[in-house]
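In what follows, a structure is listed as structure tokens, so that the remarks can point back to it.
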Amino acid sequence: MCKNTIQFQYGLSLLDFLKQYGSEEQCQNALFEWRWPNGFQCPNCGHDHYCILSKRHLYQCNNCRRQTSIISNTIFESTKLPLMIWFLAMYLLTQNKTGISALNLHRQLGISYNAAWRMKQKLMQVMLERDRSFVLSGRIEIDDAYWGGERHGGRPGRGSENKAPFVAAVQTDEERHPLFMRFVAVPNFRKKTIKEWAEHTLALGAKALSDGLACFRGIADAGCVHLPTVTGGGAESMNNEQFKWVNTMLGNVKNSLRGAYHKLDSKHLPRYLAEFNYRFNRRFDLGSMVERLGRVAVRTAPMPERFLKMADIQW
């Protein structure tokens, strides 16, 4: 049987990772190149000549004397951890198909659980912000989904207080092979909400296929082609070929979430969904994912812990 070349690609082995980022100096050099690909530029005056204050790991502008840390104004700002730990965390997050919990990071990196949780949330925030501008086009399979279940004595079904709604969307090519996905948390399944979701997530003129849920009519109001199919619900609806890939991806993501994260707070659901979006949409070149995540991380604003603990906003 012919192997799937994407699924069985080599990716970035641990040995190759250590060759590239196995020392603090290598990590600092990589971070410098990602932040200033054309050479150092003072964030204050734009001057390109500098000297290094090696004991304090600072870069001082020769023109205005402004001192700049390589991690200032990035997602790494204020960290007390070595860059090697951050790079290894980026490796584990990008090369692990099913996700890795903060508890597992805590054990593998040898840092406290709280530090591992902050690190994971920050890196997922980078993924979330990077993909906010990513839109799907062409043929797109769409479905409504929930994370969680009813509390004892609470309302059942869609009105349950313990269910977090999100929209699952998978873009396919003309041969119906999956290309990209966007799983996006939404406050509710109302027509106005879905219209706003479509405006942020779908390209104008995209052909969206959904079931007969009334709120999906908002897709047409956003300037996209909406092709609803009444599936009738139940097990048979899951076998509908029109929605093969969105159902497959929903099953994969939910199983991975349940397996890796035993207590996922729904207010942080957007970040966890973004983690799966990010990996899937870049699966064609696993070997470059650490570098790509690092390049985005140095362009992502700092995220203090008090903001990490607040509820996420998807768009």
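Between Cys64 and Cys42 there is a side-chain heavy-atom pair separated by less than 4.5 Å. Proximity of Ser137 to Leu202: side-chain heavy atoms (C-beta onward) are nowhere separated by under 4.5 Å. Using a 4.5 Å heavy-atom cutoff, the side chains of Glu291 and Trp34 are in contact. You'll find the side chain of Val246 stays beyond 4.5 Å of the side chain of Met249, heavy atoms only. At least one side-chain heavy atom of Trp197 sits under 4.5 Å from a side-chain heavy atom of Ile142. A 4.5 Å side-chain heavy-atom check between Lys244 and Thr172 finds every atom pair outside the cut-off. When side chains are defined from C-beta on, Leu273 does not count as touching Val184, because their heavy atoms never get closer than 4.5 Å. Counting heavy atoms from C-beta outward, Leu93 and Leu105 have side chains that approach closer than 4.5 Å.
Phe32 does not carry Arg35 over the face of its six-membered ring by the limits of under 6.0 Å from the centre and within 45° of the normal. Within the cation-pi definition used here (under 6.0 Å to the ring centroid, within 45° of the axis), Arg130 does not qualify as a partner of Phe134.
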Would Tyr21 and Tyr91 satisfy ring pair (Phe, Tyr, Trp, His ring centres under 6.0 Å), going step by step from the backbone distance to the final call? CA-CA 10 Å; Tyr21 311 113; Tyr91 173 80; 9.3 Å; no

Please walk me through it: do His226 and Ser210 pass side-chain contact (heavy atoms from CB on, under 4.5 Å)? CA-CA 8 Å; His226 180 219; Ser210 78; 2.7 Å; yes

Decide side-chain hydrogen bond (donor to acceptor under 3.5 Å, both in side chains) for Gln121 and Tyr272; before the verdict, give the C-alpha distance in whole Å, the side-chain angles of both, and the deciding distance to 0.1 Å. CA-CA 9 Å; Gln121 295 297 321; Tyr272 287 90; 3.0 Å; yes

CA sep, side-chain torsions, deciding dist, call: Tyr59, Gln67, side-chain contact (heavy atoms from CB on, under 4.5 Å): CA-CA 5 Å; Tyr59 297 83; Gln67 295 177 354; over 6 Å; no

Show your reasoning for whether ring pair (Phe, Tyr, Trp, His ring centres under 6.0 Å) applies to Phe76 and Trp86. CA-CA 8 Å; Phe76 308 107; Trp86 280 93; 5.1 Å; yes

side-chain contact (heavy atoms from CB on, under 4.5 Å), that's the test. Do His57 and Ile70 meet it? Break it down for me. CA-CA 8 Å; His57 302 292; Ile70 198 171; over 6 Å; no

List the steps, then state whether side-chain hydrogen bond (donor to acceptor under 3.5 Å, both in side chains) holds for Thr98 with Asn96. CA-CA 6 Å; Thr98 57; Asn96 193 321; 3.3 Å; yes

Going through the distances and angles, do Glu33 and Asn29 end up as a side-chain hydrogen bond (donor to acceptor under 3.5 Å, both in side chains)? CA-CA 6 Å; Glu33 194 276 328; Asn29 291 339; over 6 Å; no

Checking side-chain hydrogen bond (donor to acceptor under 3.5 Å, both in side chains) for the pair Asn104/Ser101: CA distance, chi angles, key distance, verdict? CA-CA 5 Å; Asn104 206 343; Ser101 67; 5.0 Å; no

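The heavy-atom pair separating Ala222 from Leu204 by the smallest distance is O-CD2, 3.5 Å. Closest heavy-atom contact between Ser69 and Ser72: O-OG, 2.9 Å. Residues His47 and Cys61 share a closest heavy-atom pair of CB-SG, 3.6 Å. Shown here for Asp285 and Gln9, the closest heavy-atom pair between the two residues is CA-OE1, 3.8 Å. Of all heavy-atom pairs between Leu12 and Gln20, the closest is CD1-NE2, 3.6 Å. Closest of all the heavy-atom pairs between Arg282 and Met289 is O-SD, 3.8 Å.
Within 6.0 Å of atom CD in Gln41, 12 or fewer heavy atoms from other residues, nucleotides or ligands are found, so the atom counts as exposed in its surroundings. More than 12 heavy atoms of other residues, nucleotides or ligands shown are found within 6.0 angstrom of NZ on Lys267. Around atom CZ of Arg217, no more than 12 heavy atoms belonging to other residues, nucleotides or ligands sit under 6.0 Å away. Atom NZ of Lys254 has more than 12 heavy atoms from other residues, nucleotides or ligands within 6.0 Å.
Listed for the His200 side chain is a donor-acceptor partner under 3.5 Å among the backbone atoms of Glu196. A donor-acceptor contact shorter than 3.5 Å is absent between the side chain of Ser266 and the backbone of Leu269. In this structure a side-chain-to-backbone donor-acceptor pair under 3.5 Å is present from Gln95 to Leu286. Judged purely by atom type and a 3.5 angstrom limit, Arg132 has no side-chain atom pairing as donor or acceptor with the backbone of Leu128. Without hydrogens or angle criteria, Asn247 side chain to Phe243 main chain gives a donor-acceptor distance under 3.5 Å. Using modelled atom types, one side-chain atom of Asn281 and one backbone atom of Asn277 make a donor-acceptor pair closer than 3.5 Å. Checked by atom type and distance alone, the side chain of Thr74 pairs as donor or acceptor with a backbone atom of Ile71 at under 3.5 Å. The backbone N or O of Trp245 lies less than 3.5 Å from a partner atom in the side chain of Glu141, making a donor-acceptor pair. Counting only distance, with no hydrogens or angles, the side chain of Glu24 and the backbone of Leu83 share a donor-acceptor pair below 3.5 Å. With Asp173 contributing its side chain and Arg176 its backbone, the two residues share a donor-acceptor pair below 3.5 Å.
In this structure, Ile111 is a member of the same hydrophobic cluster as Tyr113, with clusters built from ILVMFWY side-chain heavy atoms closer than 4.5 Å. Leu58 and Leu81 are members of different hydrophobic clusters when ILVMFWY side chains are connected at heavy-atom separations under 4.5 Å. Val135 and Phe280 fall into different hydrophobic clusters, where Ile, Leu, Val, Met, Phe, Trp and Tyr side chains are chained together by heavy-atom contacts under 4.5 Å. Cluster annotation: Val290 is connected to Leu14 through the hydrophobic network of ILVMFWY side chains, with a link wherever side-chain heavy atoms come within less than 4.5 Å. At a threshold of 4.5 Å between side-chain heavy atoms, the hydrophobic network of Ile, Leu, Val, Met, Phe, Trp and Tyr places Met84 and Val298 in two separate groups.
In this structure, CE in Met90 is found 7.0 Å from CG in Leu123, a value given to the nearest 0.5 Å. With rounding to the nearest 0.5 Å, the separation of CG in Asp143 from CZ in Phe166 is 9.0 Å. Distance check, rounded to the nearest 0.5 Å: CG of Leu109 to CG of Leu92 gives 6.0 Å. Rounding to the nearest 0.5 Å places OG1 of Thr94 at 15.5 Å from CZ of Arg283. Rounding to the nearest 0.5 Å gives a distance of 4.5 Å between CD1 of Ile194 and SG of Cys215. Atom OG1 of Thr229 and atom CG of Leu227 lie 7.5 Å apart (nearest 0.5 Å).
Taking the six-membered ring for Trp and the full ring otherwise, the centers of Phe189 and Tyr146 sit less than 6.0 Å from each other. Not less than 6.0 angstrom separates the ring centroid of Phe17 from the ring centroid of Phe87. The distance between the ring centers of Phe276 and Phe183 does not fall below 6.0 angstrom.
When only modelled atom types and interatomic distance are considered, Gln125 and Arg271 share a side-chain donor-acceptor pair under 3.5 Å.
Of the charged side-chain nitrogens involved, none lies within less than 4.0 Å of a carboxylate oxygen, so that Lys192 and Asp221 do not count as a salt-bridged pair.
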